Amino acid sequence: MEPANKSEISPNSFLLMGIPGLEHLHLWIGIPFCSMYVVAVVGNVTILAVVRAEQSLHEPMFLFLCMLSVTDLVLSTSTLPRMLCLFWLGAHHIAFDACLAQMFFIHSFTAMESGFFLAMAIDRYVAICDPLHHATVLTHNRIAKMGAAVLVRGVAFFSPHPILLKQLPYCRTRIIAHTYCEFMAVVKLACVDIGATKRYSLSVAFVIGSCDCLFIAFSYALILRAVFRLPSREARLKALGTCGSHVCVILVFYSTAGFTFLTHRFGHNVAPQVHIFIANIYLVVPPFLNPIVYGIKTKKIREHVLSSLKVKLS
């Protein structure tokens, strides 16, 4: 029997609902999101420009920071402009292929963000626990290989997502109860058994997230042990201050991402607006916080930016 409508097989577009139950607040919710996006773009572009211009900043920590900044720019730009169009202009329609592309960028670059957090934790571990061999352990060649490994991992594990969804028939509602095209929100619209597809997605997210998180925790545990062995109280406080701010950013990322993952698996009683709002937080807040914590609070970057501003003002 022929399908009554071709859109039942491969829909031309989906409808993004936004945050269910909070539609009347979309205008106001968009204001802080837009502000954080502007800070994220300006901050991360500034970091990239400063590190590129200043030869003395071509060190492992700043090279990994540049990789994180590029990831943040792609992650935030693939979601926030479209989300703001939904909040402020009522642009609910999103083309099917655009939805799949957005989904790929969100999931793959979220995995890359996690990978670069791990790479930066390894860099801090070597810098604090074995400072004499820092430059020889983390050479530019090894840094490039680590960055490439993170990139390949993100692309390889999440490329199947849009490919799988492209093959599925859609005969239910085209309304996605979300602010962006999330894999689990879209796959629920298919009219075939999606058990294996959901298990693959959840398994990949769990393995990548939990492994990175465990290695980061182990790295910072070793860092703390080394910090408390420092003879100078001032040195201990400085190291703890730096590590503390880094850990706060990492906790925001993994706690919100973990909540989203667990809600998909177990949280059937969690209010949809709570789930979606927190899912937005883990895409919006880390790109906003990273340039502040890793950039402004880093003395070398701060001094270079201030000196550049003084030259321009004079």
Side-chain angles (χ1 to χ4, degrees), residues 1 3-20 74-75 78-79 82-83 92-115 150-213 253-254 256-272 274-276 278-280 282-283:
M1 178 178 175
N5 192 324
K6 188 178 179 180
S7 66
E8 293 179 354
I9 303 300
S10 180
N12 293 322
S13 66
F14 288 121
L15 289 169
L16 292 169
M17 183 186 295
I19 305 177
V74 175
L75 189 59
S78 64
T79 52
R82 184 64 189 77
M83 196 184 299
H92 294 276
H93 284 270
I94 183 169
F96 183 58
D97 289 336
C99 183
L100 296 183
Q102 185 188 56
M103 179 194 309
F104 168 75
F105 281 114
I106 289 171
H107 292 296
S108 60
F109 278 84
T110 299
M112 290 179 209
E113 180 116 351
S114 177
V150 171
L151 175 65
V152 169
R153 185 187 70 167
V155 171
F157 280 106
F158 291 99
S159 291
H161 280 53
I163 296 171
L164 288 170
L165 292 187
K166 188 80 171 176
Q167 310 304 317
L168 294 177
Y170 297 89
C171 53
R172 298 175 185 173
T173 176
R174 294 187 297 121
I175 298 175
I176 301 173
H178 217 298
T179 53
Y180 56 84
C181 289
E182 186 191 42
F183 179 82
M184 298 301 291
V186 176
V187 77
K188 290 176 182 176
L189 305 181
C191 52
V192 293
D193 181 28
I194 54 171
T197 306
K198 288 174 66 176
R199 283 193 295 273
Y200 170 78
S201 179
L202 290 173
S203 298
V204 168
F206 175 76
V207 170
I208 289 177
S210 58
C211 287
D212 287 353
C213 196
F253 176 78
Y254 282 108
T256 50
F259 177 86
T260 302
F261 171 83
L262 292 173
T263 301
H264 281 307
R265 184 66 184 87
F266 305 108
H268 304 295
N269 296 323
V270 176
V274 174
H275 170 214
I276 294 170
I278 292 179
N280 288 328
Y282 98 87
L283 291 183

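Below, all heavy atoms of this structure are taken into account, side chains as well, without hydrogens, waters or symmetry copies. Everything numeric here is computed off the predicted structure, so don't read it as measured data. Throughout, numbering of the chain's residues begins at 1 and tracks the sequence.
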Closest heavy-atom pair, R174 versus S13, reported as atoms and distance to 0.1 Å, is NH1-O, 2.8 Å
Rounded to the nearest 0.5 Å, the CG atom of L189 sits from the CG atom of L165 at a distance of 9.5 Å
Rounded to the nearest 0.5 angstrom, the NZ-OG1 distance for K188 and T197 is 13.5 Å
Heavy atoms of C181 and Q102 approach each other most closely as N-OE1, 2.8 Å
Between F157 and V207, is there a side-chain heavy-atom distance shorter than 4.5 Å? no
Exercise answer: donor-acceptor pairs, residues 107-115 side-chain atoms, under 3.5 Å, sequence neighbours excluded:
{"from": "H107", "atom 1": "NE2", "to": "F183", "atom 2": "N", "distance (Å)": "3.2"}
{"from": "S108", "atom 1": "OG", "to": "F104", "atom 2": "O", "distance (Å)": "2.6"}
{"from": "T110", "atom 1": "OG1", "to": "I106", "atom 2": "O", "distance (Å)": "2.5"}
{"from": "E113", "atom 1": "OE2", "to": "N290", "atom 2": "ND2", "distance (Å)": "3.1"}
{"from": "S114", "atom 1": "OG", "to": "D212", "atom 2": "OD2", "distance (Å)": "2.6"}
{"from": "S114", "atom 1": "OG", "to": "Y254", "atom 2": "OH", "distance (Å)": "2.5"}

Do side-chain atoms of H93 reach the backbone of L15 as a donor and acceptor pair under 3.5 angstrom? no
Given the rule in the side chain to side chain contact (heavy atoms under 4.5 Å, CB included) test, do Y180 and N280 qualify, once you have shown the distances and angles that lead to the verdict? CA-CA 9 Å; Y180 56 84; N280 288 328; 3.2 Å; yes
Discussion item. Are I176 and E182 packed together at the side-chain level, in the sense that at least one heavy-atom pair is separated by less than 4.5 angstrom?
Written reply: no
Residues at least two apart in sequence or cross-chain that pass side-chain contact (heavy atoms from CB on, under 4.5 Å) with A177, listed by chain then number, are M17, P20
Correct closest heavy-atom pair for P169 and V192 would be CG-CG1, 3.5 Å
Heavy atoms of T179 and L16 approach each other most closely as O-CD1, 3.9 Å
Practice prompt. May I ask you to test the M83-L283 pair for a side-chain heavy-atom distance under 4.5 Å?
Written response: no
V274 meets the side-chain contact (heavy atoms from CB on, under 4.5 Å) criterion, sequence neighbours left out, with F259, V270, A271, I278
Taking the side chain as every heavy atom from C-beta outward, state whether H161 and Y200 have any pair of such atoms under 4.5 Å apart. yes
